[in-house]
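Below is one structure, written out as structure tokens; comments come after it.
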Amino acid sequence: MSILGVNIRELIPPEAIKEIELESLKGRTIAIDAYNALYQFLAAIRQPDGTPLIDNKGRVTSHLSGIFYRTINLIEAGIKPIYVFDGLPPSLKEKELEKRRKVKEEAAKKYQVAIAEEKYEEARKYAQISTRLNDEMVKEAIKLLDAMGLPTVQAPAEGEAQAAYMAKKGDVWSSGSQDYDSILFGSPRVVRNLTVSGKRKLPKKDVYIDIKPEVIESNVIYEKLGINREKLIIIGIMLGTDYNPDGIKGVGIKTALKIVKSYEKTEEILKSLPQTQVDYYEIFNYFMNPEVTDNYTIQWKEPSVEKIKEILVEEHDFNEARVENAIERLQKSFKENVKSQTKGLDFWFK
DNA sequence: CCTGGCAA
DNA sequence: TTGCCAGGG
């Protein structure tokens, strides 16, 4: 989860956020931050005591369950998801990643304690915090998506940056993530809460609320706030990003907005920031020009029943009848929503 | 997170 | 038909 999200959400004018129905995204291609999605499945798909789904060899399978059923739901709704996977994180992110490692290690300890004390709600909470995505999980997810016939994209660095690049180019309609980073990376829009069943548990209480998909339009943010992307990036830097987790002391959204609006040139704003160990100019440049690639193809294939069953049923002990049922839904919606649009010159469709 | 069985 | 919720792996 990005710290950027926490603060910048308050800044986004309500006019820039549109609550929608999933069906209104019919025909849209969306570049989804795969890490963001997998991480959420891994954190959420757990028993009340925090135990994730596992196969008979003890390997975690929560992420596979999540991405399998979610993706089929999206395709059924006529949405064409393209999962974008992270490459190597930029060195700028090291401090934040170290911070996250520590938080997760602490949570893992607290999880053990909570389990020993039979405090299961607490255990679940710490299990979620300590969630980690490893290379094996990523590999398996890519293998599954490939078997399902979906294109995947390997980003050279940040998935959010790559997704933003693809949206900016027009290869996809939008980026998809729970975070707002792709906006700073230049995406024209980001879709959040990309899901069918709209119930979500609130952090503390046993209360469930309806969550609807929402589209955030970048240009509306800029119009309403009277700023441009450069200035939004600098606001992000002042509030704290993955590349400078601490932000700038004493600066909140109101002050940040006031500061950027009081200058004409971005250069001047950057110069006005307090001199610290952090190279704000470097961070700014990274958001403006992150490492991205054109080395990807957006092309769908017929879903492979055998491969899907091999991965889920044979390898990971998913229930065969359930998987078969889901595959049928996939094949049917693939024909209706994907294949029908790939004829002739539109083979490389968007 | 998501599905599917069951009660109302 | 809808809503709930236990259980998925």
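Every chain is numbered from 1, with letters handed out A, B, ... down the list of sequences. Only heavy atoms go into these numbers, but all of them, side chains included; no hydrogens, no water, no symmetry mates.
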Quiz item: Tell me: CD1 of A:I67 to P of B:dT3, nearest whole Å?
Solution: 14 Å

Exercise. Report whether A:F185 and A:I8 are members of the same hydrophobic cluster (ILVMFWY, side-chain heavy atoms less than 4.5 Å apart, transitive linking).
Key: yes

Quiz item: With the 4.5 Å side-chain cut-off for hydrophobic clustering, are A:W300 and A:F85 part of the same group?
Solution: yes

Exercise. State yes or no: are the ring centers of A:F318 and A:F68 separated by less than 6.0 Å?
Key: no

Output a table of nitrogen or oxygen pairs between the protein and nucleotides 7-9 of chain C separated by less than 3.5 Å.
residue, atom, partner, partner atom, Å
C:dG9, OP1, A:N319, N, 2.8
C:dG9, O3', A:T61, OG1, 2.9
C:dG9, O3', A:H316, O, 2.7
C:dG9, N1, A:Q47, NE2, 3.2
C:dG9, N2, A:P52, O, 2.5
C:dG9, N2, A:I54, N, 3.1
C:dG9, N3, A:I54, N, 2.8
C:dG9, N3, A:I54, O, 3.2

Quiz prompt | Identified salt bridge (charged side-chain N to carboxylate O under 4.0 Å, His left out) partner of A:K212 from the options A:E21, A:E19, A:E23 | solution = A:E21

Exercise. Could you list the residues that satisfy side-chain hydrogen bond (donor to acceptor under 3.5 Å, both in side chains) with A:D49, not counting sequence neighbours?
Key: A:T51

Quiz prompt | Heavy-atom check, side chain of A:S177 versus side chain of A:E160, under 4.5 Å | solution = yes

Exercise. Can you tell me the distance, in whole Å, between the CD atom of A:E324 and the P atom of B:dG4?
Key: 12 Å

Quiz item: Whole-Å distance between C:dA6 C1' and A:D49 CG?
Solution: 14 Å

Quiz item: Does A:N325 make a side-chain N or O approach to OP1 or OP2 of B:dT3 shorter than 4.0 Å?
Solution: no

